[in-house]
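First up is the structure itself, then whatever we jot down about it.
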Protein chains: 2
Amino acid sequence: MENQALGPPADLDALYHAMSDPTRRAVVEQLVAGPAAVSELAGPLPISLPTFLKHLKVLERSGIVRTEKQGRVRTCHLQPERLGPAEDWFASQRRRMERRLDRLADLAEDLERNPQ
Amino acid sequence: MENQALGPPADLDALYHAMSDPTRRAVVEQLVAGPAAVSELAGPLPISLPTFLKHLKVLERSGIVRTEKQGRVRTCHLQPERLGPAEDWFASQRRRMERRLDRLADLAEDLERNPQ
DNA sequence: CTAATAGTTAGCCATATGGAAAACCAAGCG
DNA sequence: CGCTTGGTTTTCCATATGGCTAACTATTAG
């Protein structure tokens, strides 16, 4: 449930930190459409290339993006399997919360049926 | 900024930022079990109360936790409906990615069947 | 009324983050 | 070879973050 033995340690800190910035989410949304070179990704964005590179490094540290250089072009790919754990933590909390609320509702019903 | 008509409104910033810290995730995991007072939440944690309060404010800004004070006790509640959007963004990206990979697989199959 | 309890404010500090400009490689092209 | 293109490194800046202590306010228990 926690660590699925995929690449680097699936650390939620880095993952959620990576996704907490709109620029970086935009990059991910681009990469969903397919791999892209650094300049293709940076082009439309209103920030300088070096600044973009910092964002890219944050994404790489989080494991959500992998990059490789061929010649002078660095291509960026999304690692879809890293999206799972991020989604899972939220889903897990939500489910636990719902179960609790259900139990609470049951209890309330019992009390109503069988008042003290 | 450049929101490309993809995904929900960008208060995801605050949400993901809130979840990028282990202390704050621990608080959320506690609150899933039910509402709790500030000191109950802060007690087990290895940080000072003022520091804890800062974390709590981050959680409140993100909308994931609501608090109310009665007498001298401030009680913290989880807002489960805020967990949904956070989960959804990831789910949405993952699904888009999967669809793309499926199309790609189909294409590869076609090529194999019908080589150029 | 006094004292303990539960938070809150106010400083202070070190590090991290997001941003920019400038100068610097290295791979291709003509 | 020399120029251009695509990245990279370095340096610098302002602000945010996470942590602390100390001092303060406001309830409530005795």
Side-chain angles (χ1 to χ4, degrees), chain A residues 8-9 11-31 34-78 86, chain B residues 1-3 10-31 34-78 86:
Chain A
D11 118 315
L12 291 177
D13 282 28
L15 246 168
Y16 290 138
H17 170 66
M19 305 325 289
S20 73
D21 180 280
T23 296
R24 292 190 292 259
R25 283 197 307 277
V27 170
V28 170
E29 296 189 357
Q30 272 306 306
L31 287 180
V38 165
S39 42
E40 286 172 338
L41 291 169
L45 299 174
I47 60 177
S48 70
L49 229 210
T51 299
F52 174 81
L53 280 210
K54 282 203 208 171
H55 285 294
L56 189 57
K57 265 179 207 127
V58 172
L59 286 167
E60 287 192 74
R61 271 208 311 268
S62 82
I64 223 169
V65 168
R66 182 177 42 90
T67 80
E68 49 184 331
K69 199 167 178 177
Q70 240 201 55
R72 56 183 168 169
V73 172
R74 177 174 297 277
T75 308
C76 311
H77 313 254
L78 200 61
Chain B
M1 272 227 171
E2 324 297 283
N3 231 340
D11 55 348
L12 288 178
D13 282 29
L15 245 168
Y16 291 139
H17 171 242
M19 305 325 291
S20 72
D21 179 281
T23 296
R24 291 191 291 260
R25 283 197 308 277
V27 169
V28 170
E29 296 190 357
Q30 272 305 306
L31 286 180
V38 165
S39 44
E40 285 172 341
L41 291 169
L45 299 173
I47 60 178
S48 70
L49 229 211
T51 299
F52 174 81
L53 280 210
K54 282 204 208 174
H55 285 294
L56 189 55
K57 267 180 205 126
V58 172
L59 286 167
E60 286 192 73
R61 271 207 312 269
S62 83
I64 223 169
V65 168
R66 182 176 43 86
T67 80
E68 50 184 330
K69 199 168 178 178
Q70 242 201 50
R72 57 184 169 173
V73 171
R74 178 175 297 278
T75 309
C76 311
H77 312 253
L78 200 60

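Each chain gets a letter, A, B and so on, in the order the sequences are listed, and its residues count up from 1.
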Quick check for you: among [options], whose closest atom lies nearest to any side-chain atom of [X]?
X      : options                  : answer
K54(B) : dA20(C), dG7(C), dG18(D) : dG18(D)
I47(B) : dG7(C), dC20(D), dT10(D) : dC20(D)
V73(A) : dT17(C), dG7(D), dT28(D) : dG7(D)
R74(B) : dG7(C), dA20(C), dG7(D)  : dG7(C)
R61(A) : dT9(D), dT21(D), dT17(C) : dT17(C)

Without decimals, in angstroms, what is the distance between [X] [atom1] and [N] [atom2]?
X      : N       : atom1 : atom2 : result
R25(B) : dG18(D) : CZ    : P     : 12 Å
D21(B) : dA16(D) : CG    : C1'   : 14 Å
L53(A) : dA20(C) : CG    : C1'   : 13 Å

Would you say L41(A) and L45(A) make side-chain contact, with heavy atoms under 4.5 Å?
no

For the residue pair L78(A) and V65(A), establish whether any side-chain heavy-atom pair is separated by less than 4.5 Å.
yes

Could you check whether atom CD of Q30(B) has more than 12 heavy atoms from other residues, nucleotides or ligands sitting under 6.0 Å from it?
no

How long is the gap from OG1 on T75(A) to CD on Q70(A), to the nearest 0.5 Å?
7.0 Å

When rounded to the nearest 0.5 angstrom, what is the spacing between NZ in K54(A) and CG in L59(A)?
14.5 Å

Could you say whether H17(A) or S48(A) is positioned toward the 5' end of DNA chain C, judged by the nucleotide with the nearest heavy atom to each?
H17(A)

5'-most contact on DNA chain C (nearest-nucleotide basis), R24(A) vs P50(A), goes to R24(A)

Check every strand shown and say whether S39(B) touches a base, only sugar-phosphate, or nothing at a heavy-atom separation below 4.0 Å.
sugar-phosphate

Check whether any side-chain N or O of H55(B) sits under 4.0 Å from OP1 or OP2 of dT17(D), and answer yes or no.
no

With a 4.0 Å cutoff (strictly under), does any side-chain N or O of T51(A) reach OP1 or OP2 of dG18(C)?
no

Distance-only donor-acceptor test, R72(A) side-chain atoms vs dA27(C) base atoms, 3.5 Å
yes

Between the base of dG7(C) and the side chain of K69(B), is there a donor-acceptor distance below 3.5 Å?
no

